[in-house]
Structure formats: structure tokens, C-alpha cells
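Notes for the one structure printed next.
Computation of the quantities below employed the complete heavy-atom set of this structure, encompassing side-chain atoms and omitting hydrogens, waters and symmetry-equivalent molecules.
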Amino acid sequence: MNKPLPALALAIGLAGCTALPVATVQPIAAGADFSTRQDTVVCVLVPPDASFEGKPYPGSGGEVAEKIRDALRKFVKFSRLVSQEQANALAVCREKEATLALETTILHYEDHITGWTGKPDRIELKLFLYKIDQPDQRRSIFYEAKSHTTYSIFLEWGNAKPAALLGEDFEYSIRKLLR
């Protein structure tokens with residue numbers, strides 16, 4: 001009798017571990033109220049593009065911002081993208097009727113052809129949420145994820161970018177940040 005069940009369980013287990021995230025929410029400053037409603041407008045400040053060991057990753061800041069905006073859409077109705085490097089970014093956010101700003105710093109962005117090199121992709125982000133009128137009262141979260149090397153060696157045929165590691169666990173972290 002053929003027993004494909006252990007092989008199926010292994011494949012599902014490996015597929016479910018494409019990223020190994022670690023997320024930590026830091027305490028909010030006393031007196032700051034970040035309660036959000038479905039109609040809250042959040043301005044996502046697009047971070048500068050990342051680089052690793054001198055290699056630039058053009059478009060990586062925009063890719064990360066898009067993932068953040070996609071995650072926000074599940075919890076708030078409106079989110080707007082504005083470049084962090086733009087001269088009056090918060091003023092532009094106000095013009096777009098945003099009440100909250102979500103600023104991101106890409107701490108680490110490492111992109112490898114993991115299936116071929118055995119080196120995992122890795123991304124580390126620090127996200128800051130604050131009221132546009134009170135930027136000194138922030139809630140922040142640190143998020144780190146890396147690709148699962150074994151999964152990548154056997155199942156990754158293309159080269160996924162580190163921003164692809166921002167999946168369901170990342171969305172959960174965004175939800176915690178908004179509360």
C-alpha cells in the first residue's frame with residue numbers, strides 16, 4: 001500500500017515555513033491614542049531603496065511600501081503613499097487627508113538566489129506609526145523574516161525578493177501596530 005501522507009505532510013510543512021518571522025511590538029507612549037477605525041486615512045511613507053554589501057536594490061523601498069499598503073487595506077479603508085525623501089512629506093500627507101503616518105526604515109535587505117546558493121533572503125524593518133500632528137508620540141514595531149533555506153533549495157525555481165517575505169505574519173504585526 002502506497003503511503004503518500006508523510007510526503008504530503010512534509011511538503012505542506014516546508015511550504016508553510018517560507019519565512020521565519022520575529023515581530024516585537026514596543027509599548028506605546030503614555031497618553032497617545034492610536035485607535036483606528038475603518039475610515040482612518042494612513043499615509044505610508046515610502047522608504048529609500050535598500051542596499052546590501054554595496055549592492056543597491058532599486059525599487060525595494062517602493063515594494064516594501066506596497067506590501068505595507070496591501071496589509072493596511074485589510075484594516076483601514078484608505079492608505080496613501082508618499083516618499084519619505086520628499087521635502088514636506090508630512091504636509092503632503094495632510095493634503096491627502098491622512099491623520100496617521102506610517103514610516104519605515106529598512107534595516108536589512110538581503111536578496112540571494114537561495115535555491116542555488118543556500119543563503120536565505122532576509123529582511124528587517126522598523127515601522128513607526130504616529131499621528132501626523134504628534135510625531136513625537138510613536139508606536140513602533142520591529143519585523144524580521146528570512147526565507148526557509150530547505151524550502152528554497154527544493155521548491156523555489158525563481159528568485160523571490162525579500163519583500164515577498166512580508167506575508168500573513170507581517171499583516172498580523174501591522175494589525176498589532178494599529179491597535
Side-chain angles (χ1 to χ4, degrees), residues 18-29 32-38 40-112 120-147 160-179:
T18 58
L20 303 173
V22 176
T24 307
V25 177
Q26 297 175 347
I28 190 166
D33 177 19
F34 284 89
S35 57
T36 57
R37 300 185 321 247
Q38 185 66 26
T40 300
V41 179
V42 179
C43 187
V44 177
L45 297 170
V46 180
D49 289 338
S51 64
F52 178 69
E53 295 181 344
K55 180 182 178 186
Y57 291 102
S60 57
E63 291 168 1
V64 168
E66 286 291 334
K67 288 288 193 171
I68 292 168
R69 186 166 71 174
D70 290 346
L72 282 171
R73 285 184 177 150
K74 296 182 179 187
F75 311 112
V76 297
K77 189 173 181 180
F78 300 105
S79 58
R80 311 282 192 249
L81 295 177
V82 173
S83 174
Q84 273 180 219
E85 298 176 325
Q86 187 170 343
N88 294 309
L90 291 182
V92 173
C93 290
R94 275 189 206 95
E95 289 173 12
K96 294 181 180 239
E97 300 178 1
T99 55
L100 297 175
L102 191 106
E103 183 179 332
T104 305
T105 301
I106 302 173
L107 301 171
H108 194 92
Y109 191 95
E110 194 171 339
D111 188 14
H112 299 285
D121 290 344
R122 199 168 130 214
I123 190 166
E124 291 179 18
L125 304 174
K126 182 83 172 191
L127 294 94
F128 302 95
L129 179 71
Y130 52 90
K131 287 185 178 180
I132 291 175
D133 296 330
Q134 297 173 330
D136 57 325
Q137 295 184 11
R138 299 174 166 221
R139 178 181 285 179
S140 63
I141 191 169
F142 172 79
Y143 184 86
E144 176 183 9
K146 66 179 182 176
S147 58
K161 295 180 180 181
L165 298 171
L166 305 176
E168 288 180 22
D169 291 322
F170 183 68
E171 290 174 3
Y172 177 74
S173 297
I174 294 288
R175 182 172 7 140
K176 286 174 67 177
L177 187 63
L178 291 172
R179 289 187 178 170

Item checked: For Gly54 against Pro56, the heavy-atom pair lying closest together -> O-CD, 3.4 Å

Next item on the list: Measure the CD-CG distance between Glu171 and Leu166 for me, rounded to the nearest 0.5 Å.
Entry: 9.5 Å

Next item on the list: Enter the distance from Phe170:CZ to Leu177:CG here, rounded to the nearest 0.5 Å.
Entry: 9.0 Å

Margin query: Going by side chain to side chain contact (heavy atoms under 4.5 Å, CB included), name the residues that satisfy it together with Ser51, two or more places apart in sequence or in a different chain.
Written below: none

Margin query: Among Ile174, Leu165, Asp169, which residue satisfies the side-chain contact (heavy atoms from CB on, under 4.5 Å) criterion with Tyr143?
Written below: Asp169

Check: If you measure from CG on Leu129 to SG on Cys43, what distance do you get to the nearest 0.5 Å?
Finding: 11.5 Å

Scan the side chains in residues 62-71 for donor-acceptor partners under 3.5 Å anywhere in the protein, sequence neighbours excluded, and list what turns up.
residue	atom	partner	partner atom	Å
Glu63	OE1	Tyr109	OH	3.4
Glu63	OE2	Lys161	NZ	2.8
Glu66	OE1	Arg69	NH2	3.2
Glu66	OE2	Arg69	NH2	3.3
Asp70	OD1	Arg73	NH1	3.4

Next item on the list: Grab the two heavy atoms, one from Ile123 and one from Pro162, that are nearest each other, plus how far apart they are.
Entry: CG2-O, 3.9 Å

Can you give each donor-acceptor pair under 3.5 Å made by side-chain atoms of residues 87-108, sequence neighbours left out, with the distance rounded to 0.1 Å?
residue	atom	partner	partner atom	Å
Arg94	NE	Asp133	OD1	3.3
Glu103	OE1	Tyr130	OH	2.9
His108	NE2	Glu110	OE1	2.7

Next item on the list: Can you measure from NZ (Lys74) to CG (Leu72) and round to the nearest 0.5 angstrom?
Entry: 11.0 Å

Next item on the list: Could you tell me whether Arg175 sits above the aromatic face of Phe75, with NZ or CZ closer than 6.0 angstrom to the six-membered ring centre and within 45 degrees of the axis?
Entry: no

Notebook entry, point to check: Among all residues two or more places apart in sequence or in another chain, which pass the side chain to side chain donor-acceptor pair (under 3.5 Å) test with Lys55?
Noted result: none

Check: Is it true that a side-chain atom of Ser60 and a backbone atom of Ala50 form a donor plus acceptor pair closer than 3.5 Å?
Finding: yes

Checklist line | Exercise: identify the closest heavy-atom pair between Asp49 and Gly61 | finding: OD1-N, 2.9 Å

